[in-house]
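Chain letters run A, B, ... following the sequence lines, proteins first and then strands; every chain starts at 1.
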Amino acid sequence: MAKWLVKTEPSECGIEDFARAPRQSIPWDGVRNYQARNFLREMKEGDEVFIYHSSCKHIGVAGIVEVVKSAYPDPTQFDERSPYHDPKSAPDSPRWDAVDLKYVRTLPRLIPLDELKPLPGLENLPLVRKGNRLSVMPVSESEWQIILGQA
DNA sequence: GCCAACGTTGGC
DNA sequence: GCCAACGTTGGC
């Protein structure tokens, strides 16, 4: 069972939005980066995913969700009214995918980025590397445990 | 609000 | 195929 981390602005969709309707899944759409998309495509049902809050007051790892539906064509790419509309994506060969995620739990406290950066064993995690913009990334089992250990 | 770092685009 | 220009991400 693989593990992952996704970045999100909590004002858009944070762990609180998952917690509010814990049995309901939320489509993880709008990813418009090829590397991130490729990772989305590798996600399997049952995989666990850290929710990371970015571009906000308290940045860091906030909670855990799980994959309840693996990759399918992201409908927002064909929606002209969506901010994620992609006119260059053809319906017969969709360029972008989404997955469905469901609440697992909120961490007892948010683990700030500052605390993750110096931790031994996270050197290869794109999240803690300066200037990294990858919004969907794999997390190894040991990285997962190191992060969880800070909660 | 600033700006460094990055990914993408498009001219050549 | 190169690379400059551009737009975006995201920490600060």
Quickly work out the [X] [atom1] to [N] [atom2] distance and round it to whole Å.
X: Arg95(A); N: dT8(B); atom1: CZ; atom2: P; answer: 10 Å
X: Lys57(A); N: dG11(C); atom1: NZ; atom2: P; answer: 16 Å
X: His58(A); N: dG11(C); atom1: NE2; atom2: P; answer: 14 Å
X: Arg129(A); N: dG11(C); atom1: CZ; atom2: P; answer: 15 Å
X: Leu127(A); N: dT9(C); atom1: CG; atom2: P; answer: 16 Å
X: Asn132(A); N: dA4(B); atom1: CG; atom2: P; answer: 18 Å
X: Tyr34(A); N: dT9(B); atom1: OH; atom2: C1'; answer: 11 Å
X: Ile59(A); N: dG10(C); atom1: CD1; atom2: C1'; answer: 8 Å

Side-chain N or O of [X] less than 4.0 angstrom from OP1 or OP2 on [N]?
X: Lys88(A); N: dT9(B); value: yes
X: Tyr52(A); N: dG11(C); value: yes
X: Lys130(A); N: dG11(C); value: no
X: Lys117(A); N: dC12(C); value: yes

message: Using side-chain heavy atoms (C-beta onward) and a distance below 4.5 Å, is Val128(A) in contact with Glu143(A)?
response: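 No, every pair of side-chain atoms sits at 4.5 Å or beyond.
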task: Please state whether the rings of Phe39(A) and Trp4(A) are parallel, tilted or perpendicular, taking 30° and 60° as the class boundaries.
output: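 Tilted.
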- request: Go through dC12(C), dG7(B), dG10(B) for me and flag the one nearest to the Asn33(A) side chain.
  value: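 Per side-chain heavy atoms of Asn33(A), the pick is dG7(B).
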message: Give me the atom names and distance for the closest heavy-atom approach of Pro73(A) to Asp97(A).
response: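 Closest pair (atom of Pro73(A), atom of Asp97(A), distance): CA-OD1, 3.8 Å.
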task: Could you tell me which non-hydrogen atom of Trp96(A) sits nearest to which non-hydrogen atom of Gln77(A), and how far apart they are?
output: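 Shortest heavy-atom contact: O-NE2, 2.8 Å.
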